[in-house]
Amino acid sequence: MSKLSERMNKRVAALSPSSILTFNQKISTIPDIVKLTLGEPDFNTPEHVKQAAITSIENNESHYTNSRGTIGLRKAATGFLKQKYGLNYDPETQILITAGATGAIYSALTAMLNPGDTVIIPTPIFPLYIPIAMLGGAKPIFVDTSDNGFILSPEKLQAAIEENKDTVKAVILNFPTNPTGVTYHKDDLQKLADVISQYDIFCISDEIYSELTYDGTHVSMGSILPEQTLVMNGVSKSHAMTGWRIGMICGPADVITEIGKVSEFTITSCTANAQAAAQEAFTNGLNDAAPMRAEYLKRRDLLTAGLKKAGFTCPNPNGTFYIFAKIPAELNQNSVEFCYELAEKAKVAVIPGASFGPGGEGYVRISYAASEADLKKAVERIQKFVGEKASV
């Protein structure tokens, strides 16, 4: 270790690398393994979207854009949000284009947090919010939702705010939820909004999986509590564009201005041709997610049925492409031990539930963003593995 490394930011040094990526890397060298680990759509970006990027390149659109995003993309994005979810944002002042939803999370939390602040995070949840909050000197306040169908109840939210009301700056929602696939309906959101509106705090609502909602139409928190909500979305999941890195954050104009400063200082602006592709996606690809959603639904049902036969229990996902399955009690293993043994002996890779915070231990997250053939193979291997362990 070099002496200079000892002078690095202590908050960074205190963080561990992503347990999800670390696990995925370790098991990737196992021959013939079926990987159901990462949140990566296995579909291709729609042709008309790719062509928009090609045209942008051919037109030499290779320069810096407005740091908030091209006005064409911002208008297309606000039009998409209005038509899909009834959201009303001014493209000039209330929307910021970011480097994926991750860029939105980073810029928002960095802009709002001071050392000593607290952030309420219902778990199990996508863990990225946690280290970003800690980098800002804030403390995560975890609220375990595993005893309430993985839904944050207004009672638990109120209690968490009251216990930290001198320091709480924000509450984070992510729905449909990674890793459980559970989503919030209008009544759920209204009850949470009734609590949040009593306090001078932000609601950060990460809705990147909104177009992968199976049970009715997605309802955005921004339509219920617009004055306090920052809505995050993008094209990664809806249009199979994870590698294009285009996300967005919408909210009150004065707040977006402050978040925009952080984004500008971090990335200057997003890639020009990727923005052109996203503009096409939002303009002429309103329903590009429909065939993917239908396929994910079939895969969900296939995987759910196979896991139940193997003794797993799980909430029925009504969004995303994840199943959060409870490990059969008779196996008597924690999630990390189970996942490593499953990978090594059955050649199936899934993510330990412990990676997703309190309430996640004892579960595994399984991504069904994989082919039907791979899912069938994985189910057969899991059933055989569990059967052999249970008989020992």
Side-chain angles (χ1 to χ4, degrees), residues 9 11-12 15 18 64-71 73-74 76-78 80-81 87 89-121 125-140 168-174 178 201-210 220-222 226-237 241-272 274-275 278-279 282:
N9 186 316
R11 292 177 191 154
V12 175
L15 300 176
S18 166
Y64 295 123
T65 71
N66 187 299
S67 62
R68 289 189 177 214
T70 66
I71 189 60
L73 174 53
R74 282 181 280 152
T78 53
F80 180 88
L81 294 174
L87 297 171
Y89 294 112
D90 177 1
E92 295 278 359
T93 62
Q94 291 187 281
I95 183 168
L96 171 69
I97 302 303
T98 60
T102 301
I105 296 165
Y106 177 82
S107 294
L109 289 175
T110 301
M112 73 175 58
L113 293 177
N114 294 304
D117 285 344
T118 54
V119 179
I120 295 172
I121 304 178
I125 199 169
F126 180 54
L128 186 66
Y129 315 105
I130 300 167
I132 292 177
M134 293 172 66
L135 281 174
K139 177 184 177 183
V168 65
K169 183 66 66 72
V171 56
I172 292 176
L173 297 179
N174 159 236
N178 176 3
I201 63 175
F202 294 96
C203 176
I204 298 176
S205 190
D206 183 351
E207 303 176 22
I208 191 67
Y209 291 96
S210 59
S220 174
M221 189 62 157
E227 62 276 11
Q228 287 177 259
T229 301
L230 296 171
V231 174
M232 298 176 181
N233 214 311
V235 292
S236 292
K237 316 301 182 181
M241 295 175 67
T242 53
W244 298 77
R245 307 313 300 137
I246 296 293
M248 59 180 165
I249 183 167
C250 312
D254 53 346
V255 176
I256 293 299
T257 294
E258 298 305 299
I259 297 172
K261 293 178 186 177
V262 176
S263 182
E264 180 179 294
F265 298 152
T266 306
I267 64 167
T268 304
S269 62
C270 292
T271 305
Q275 291 189 68
Q279 180 177 332
F282 285 135

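Computed from heavy atoms alone, side chains included, the values below leave out hydrogens, waters and symmetry copies. All values reported here derive from a predicted model rather than from experimental measurement.
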Report summary line: What one should report as the nearest heavy-atom pair of Cys250 and Leu81 is SG-CD1, 3.6 Å
Query - Partners passing side-chain hydrogen bond (donor to acceptor under 3.5 Å, both in side chains) against Lys261 (at least two apart in sequence or in another chain) - result: Glu258
Query raised in the report: Could you give all pairs that pass the side-chain hydrogen bond (donor to acceptor under 3.5 Å, both in side chains) test and reach residues 110-121, with sequence neighbours left out?
Result: Asp117-Lys169, Thr118-Thr167
**Report entry** Atom pair CD1 (Ile97) and CD1 (Ile71), whose distance is rounded to the nearest 0.5 Å
**Finding:** 9.5 Å
Report task. Answer yes or no: is there a donor N or O on one side and an acceptor on the other, between the side chain of Arg74 and the main chain of Gly69, under 3.5 Å? Result -> yes
**Report entry** Closest approach of Met232 to Ala108 (non-hydrogen atoms, all atoms of both residues)
**Finding:** CE-CB, 3.8 Å
Report task. Please list, chain by chain and in numerical order, all residues satisfying side chain to side chain contact (heavy atoms under 4.5 Å, CB included) with Ala99, sequence neighbours excluded. Result -> Ile267
Report task. With sequence neighbours left out, write down each residue that passes side chain to side chain contact (heavy atoms under 4.5 Å, CB included) with Pro226, or none if nothing qualifies. Result -> none
Query raised in the report: If you look only at pairs with a residue in residues 89-115, which of them pass as a salt bridge (charged side-chain N to carboxylate O under 4.0 Å, His left out), with sequence neighbours excluded?
Result: none
Query raised in the report: Which residues satisfy the ring pair (Phe, Tyr, Trp, His ring centres under 6.0 Å) test with Tyr106, sequence neighbours excluded?
Result: none
**Report entry** Closest approach of Val119 to Ala138 (non-hydrogen atoms, all atoms of both residues)
**Finding:** CG2-CB, 4.3 Å
**Report entry** Intermediate values then yes/no, side chain to side chain contact (heavy atoms under 4.5 Å, CB included), Leu230 and Met112
**Finding:** CA-CA 12 Å; Leu230 296 171; Met112 73 175 58; 3.6 Å; yes
Query - Closest non-hydrogen atom pair between Pro140 and Ile130, with its separation - result: CG-CG2, 3.9 Å
Requested in this report: Kindly give the heavy-atom pair with the smallest separation between Arg11 and Gly136, and that separation in Å.
Outcome: NH1-C, 3.9 Å
**Report entry** Distance, nearest 0.5 Å, that separates CD1 of Ile121 from CG of Asn174
**Finding:** 11.0 Å
Report task. Evaluate the criterion side chain to side chain contact (heavy atoms under 4.5 Å, CB included) for residue pair Ile249 and Ser107; output intermediate values, then yes/no. Result -> CA-CA 9 Å; Ile249 183 167; Ser107 294; over 6 Å; no
**Report entry** Rounded distance [0.5 Å steps], CG in Leu173 versus OG1 in Thr229
**Finding:** 8.0 Å
Report summary line: Those residues at least two apart in sequence (or on a different chain) that pass side-chain hydrogen bond (donor to acceptor under 3.5 Å, both in side chains) with Arg68 are Thr257
Requested in this report: Taking the side chain as every heavy atom from C-beta outward, state whether Leu135 and Val12 have any pair of such atoms under 4.5 Å apart.
Outcome: yes
Report task. Just jot down the side-chain hydrogen bond (donor to acceptor under 3.5 Å, both in side chains) partners of Thr65, sequence neighbours excluded, or say none. Result -> Gln275
Query raised in the report: Which residues pass the side-chain hydrogen bond (donor to acceptor under 3.5 Å, both in side chains) test with Asn178, sequence neighbours left out?
Result: Arg365
**Report entry** Residue pairs involving residues 241-255 (criterion side-chain hydrogen bond (donor to acceptor under 3.5 Å, both in side chains); sequence neighbours excluded)
**Finding:** Glu40-Thr242, Thr45-Trp244
Requested in this report: Nearest 0.5 Å please: distance from the CG atom of Leu73 over to the CD1 atom of Ile246.
Outcome: 6.5 Å
Query raised in the report: Which residues satisfy the side chain to side chain contact (heavy atoms under 4.5 Å, CB included) test with Ser67, sequence neighbours excluded?
Result: Glu264
Requested in this report: Would you indicate whether the side-chain heavy atoms of Met248 and Tyr89 approach each other to under 4.5 Å?
Outcome: no
Pairs under 3.5 angstrom only: tabulate donor-acceptor contacts from the side chains of residues 201-210 to other protein residues two or more places apart or in another chain.
unit_1: Ser205; atom_1: OG; unit_2: Glu207; atom_2: OE2; d: 2.6
unit_1: Asp206; atom_1: OD1; unit_2: Ile208; atom_2: N; d: 3.3
unit_1: Asp206; atom_1: OD2; unit_2: Tyr129; atom_2: OH; d: 2.7
unit_1: Glu207; atom_1: OE1; unit_2: His218; atom_2: NE2; d: 2.7
unit_1: Glu207; atom_1: OE1; unit_2: Ser220; atom_2: OG; d: 2.9
unit_1: Glu207; atom_1: OE2; unit_2: Ser220; atom_2: OG; d: 3.1
unit_1: Glu207; atom_1: OE2; unit_2: Met221; atom_2: N; d: 3.2
unit_1: Tyr209; atom_1: OH; unit_2: Tyr322; atom_2: OH; d: 2.7
unit_1: Ser210; atom_1: OG; unit_2: Tyr85; atom_2: OH; d: 2.7
unit_1: Ser210; atom_1: OG; unit_2: Glu207; atom_2: O; d: 3.2
unit_1: Ser210; atom_1: OG; unit_2: Asn233; atom_2: ND2; d: 3.0

